Amino acid sequence: MPLPLVDAVGTEHPVARGDARIVSLVPSVTELLCDLGLASQIVGRTGFCIHPREIVHRIPKVGGTKDVKVDRIRELAPTHVVVNVDENTKETVDELARFVPSIVVTHPLAPEDNLGLYRLLGGIFDRIAETERLCGDFAAAYADLTAVTPPPERVLYLIWREPWMTVSRDTYISRTLALVGWETVPEEPHTRYPELDPAAVAGCVDRVLLSSEPYRFREKHLAEVEALVPGARVSLIDGEMTSWYGSRAIAGLRYLGAYAAR
């Protein structure tokens, strides 16, 4: 396991003791920690940490990703809290840092960053064999997905309705879609998650993907979007498979390959 173990904000972390107590404020990281064999050491998670279902229902909730119950975390006395730059607010993280010995900050921006994420958390919590197994599984899924270079398509990936919102190319989602040749629009927005009326890109995109999260698009929304973007192929997509990094990214790459081939 390579050292040093440096997180997304440059903090170097030592290898934790075997009795580490972990709170995860990141849904995909909670699942990853379980897949690293650390479920028994997770003492708190958010209400959005729903995988693996058979395990997390026994772990106490500490609020949401944005509305964290800091006092509840204090009661749980964690040695480590794992957070994410996009998921959690800086104000919350700063408050937690006053009493939590180790705050581990994550910020994967591309599928390839999962290897570093596995090794960071696996290194901190001394799960070497489990880490290398995940790295091998990810590398195999990535190699399979990228073995063929598909023709490029312009894609609008919708994450919200009222107002309509999409993703910029400077996001994990966009870089994941790029692996199958899907170039998200707009090309250079002012924010990473811009508002965008689908009608504004009518005639300019080949596909419109309606994500299952954070807004839960359903079948009933297909006709509405098809009317706004005539000529584009409009379909629902599992947002967990395109936006969740961590161990779910392995299944996500497999899912995306099958989805793109339909």
Side-chain angles (χ1 to χ4, degrees), residues 1-2 5-9 24 26-36 48-49 51-52 65 82-87 104-123 127 130-159 166-185 187 189 192-193 207 209-214 235-262:
M1 185 68 60
L5 298 164
V6 179
D7 70 12
V9 294
S24 173
V26 190
S28 54
V29 167
T30 300
E31 182 177 42
L32 172 58
L33 292 170
C34 290
D35 287 336
L36 286 170
F48 298 107
C49 299
H51 296 301
T65 54
V82 186
V83 301
N84 176 266
V85 171
D86 286 335
E87 296 272 4
V104 184
V105 182
T106 64
H107 192 38
L109 286 173
E112 300 88 337
D113 293 344
N114 281 291
L115 296 172
L117 179 65
Y118 300 164
R119 291 186 170 118
L120 173 66
L121 295 177
R127 289 295 188 273
E130 294 88 344
T131 294
E132 293 312 312
R133 173 182 55 80
L134 286 174
C135 287
D137 291 347
F138 179 89
Y142 187 92
D144 289 344
L145 183 62
T146 58
V148 177
T149 303
E153 294 186 38
R154 290 174 62 81
V155 172
L156 175 63
Y157 186 99
L158 291 174
I159 60 171
T166 184
V167 298
S168 78
R169 295 189 181 180
D170 184 28
T171 56
Y172 182 91
I173 293 171
S174 181
R175 293 188 177 99
T176 298
L177 298 178
L179 296 179
V180 293
W182 291 350
E183 302 170 348
T184 58
V185 297
E187 293 184 20
R192 296 180 69 221
Y193 301 98
R207 292 178 183 255
L209 302 175
L210 307 184
S211 179
S212 62
E213 64 170 57
S235 58
L236 302 173
I237 191 167
D238 187 340
E240 288 184 358
M241 292 297 184
T242 57
S243 66
W244 281 41
Y245 37 86
S247 45
R248 183 154 297 254
I250 299 167
L253 296 179
R254 304 282 188 200
Y255 168 88
L256 186 59
Y259 187 96
R262 293 193 303 199

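Below, each value reflects all heavy atoms present in this structure, side chains not excepted, and no hydrogens, waters or symmetry copies. These numbers were taken from a predicted model, which means no experiment stands behind them.
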Within a strict 4.5 Å, meaning less than it, do heavy atoms of the [X] and [Y] side chains meet?
{"X": "Asn84", "Y": "Pro108", "value": "yes"}
{"X": "Met241", "Y": "Arg254", "value": "no"}
{"X": "Asp86", "Y": "His107", "value": "yes"}
{"X": "Glu31", "Y": "Ser247", "value": "yes"}
{"X": "Arg175", "Y": "Pro111", "value": "yes"}
{"X": "Leu209", "Y": "Val155", "value": "yes"}
{"X": "Trp244", "Y": "Glu213", "value": "yes"}
{"X": "Ile159", "Y": "Pro214", "value": "yes"}

So, taking the atom named [atom1] in [X] and the one named [atom2] in [Y], what distance separates them when rounded to the nearest 0.5 Å?
{"X": "Ile173", "Y": "Tyr157", "atom1": "CD1", "atom2": "OH", "result": "4.5 Å"}
{"X": "Ser211", "Y": "Asp238", "atom1": "OG", "atom2": "CG", "result": "7.5 Å"}
{"X": "Arg207", "Y": "Thr184", "atom1": "CZ", "atom2": "OG1", "result": "14.0 Å"}
{"X": "Leu210", "Y": "Leu156", "atom1": "CG", "atom2": "CG", "result": "8.5 Å"}
{"X": "Thr176", "Y": "Glu112", "atom1": "OG1", "atom2": "CD", "result": "8.5 Å"}
{"X": "Asp35", "Y": "Arg133", "atom1": "CG", "atom2": "CZ", "result": "6.5 Å"}

Decide whether [X] and [Y] meet the rule of one side-chain donor and one side-chain acceptor closer than 3.5 Å.
{"X": "Asn114", "Y": "Tyr172", "answer": "yes"}
{"X": "Tyr118", "Y": "Asp137", "answer": "no"}
{"X": "Tyr259", "Y": "Ser235", "answer": "yes"}

Taking every non-hydrogen atom, the tightest pair across [X] and [Y]:
{"X": "Thr106", "Y": "Ala8", "answer": "C-CB, 3.9 Å"}
{"X": "Arg119", "Y": "Leu5", "answer": "O-CD2, 3.8 Å"}
{"X": "Cys49", "Y": "Thr30", "answer": "SG-OG1, 3.0 Å"}
{"X": "Gly239", "Y": "Ser212", "answer": "N-OG, 2.8 Å"}
{"X": "Val26", "Y": "Val82", "answer": "CG2-O, 3.8 Å"}

Decide side chain to side chain contact (heavy atoms under 4.5 Å, CB included) for Arg192 and Leu109; before the verdict, give the C-alpha distance in whole Å, the side-chain angles of both, and the deciding distance to 0.1 Å.
CA-CA 11 Å; Arg192 296 180 69 221; Leu109 286 173; 3.3 Å; yes

Go through Leu134 and Leu32 one step at a time and tell me if the side chain to side chain contact (heavy atoms under 4.5 Å, CB included) criterion holds.
CA-CA 9 Å; Leu134 286 174; Leu32 172 58; 3.6 Å; yes

Any donor-acceptor pair under 3.5 Å linking the side chain of [X] with the backbone of [Y]?
{"X": "Tyr245", "Y": "Leu117", "result": "no"}
{"X": "Thr166", "Y": "Leu158", "result": "no"}
{"X": "Ser174", "Y": "Asp170", "result": "no"}

Determine whether more than 12 heavy atoms belonging to other residues, nucleotides or ligands lie under 6.0 Å from atom CZ of Phe48.
no

Could you go step by step and tell me if Glu187 and Arg154 meet the side chain to side chain contact (heavy atoms under 4.5 Å, CB included) rule?
CA-CA 10 Å; Glu187 293 184 20; Arg154 290 174 62 81; 3.3 Å; yes

Checking Trp182 against Leu256 for the side chain to side chain contact (heavy atoms under 4.5 Å, CB included) test, could you report, in this order, the C-alpha distance in whole Å, the side-chain angles of both residues, the deciding distance, and whether it holds?
CA-CA 11 Å; Trp182 291 350; Leu256 186 59; 4.1 Å; yes

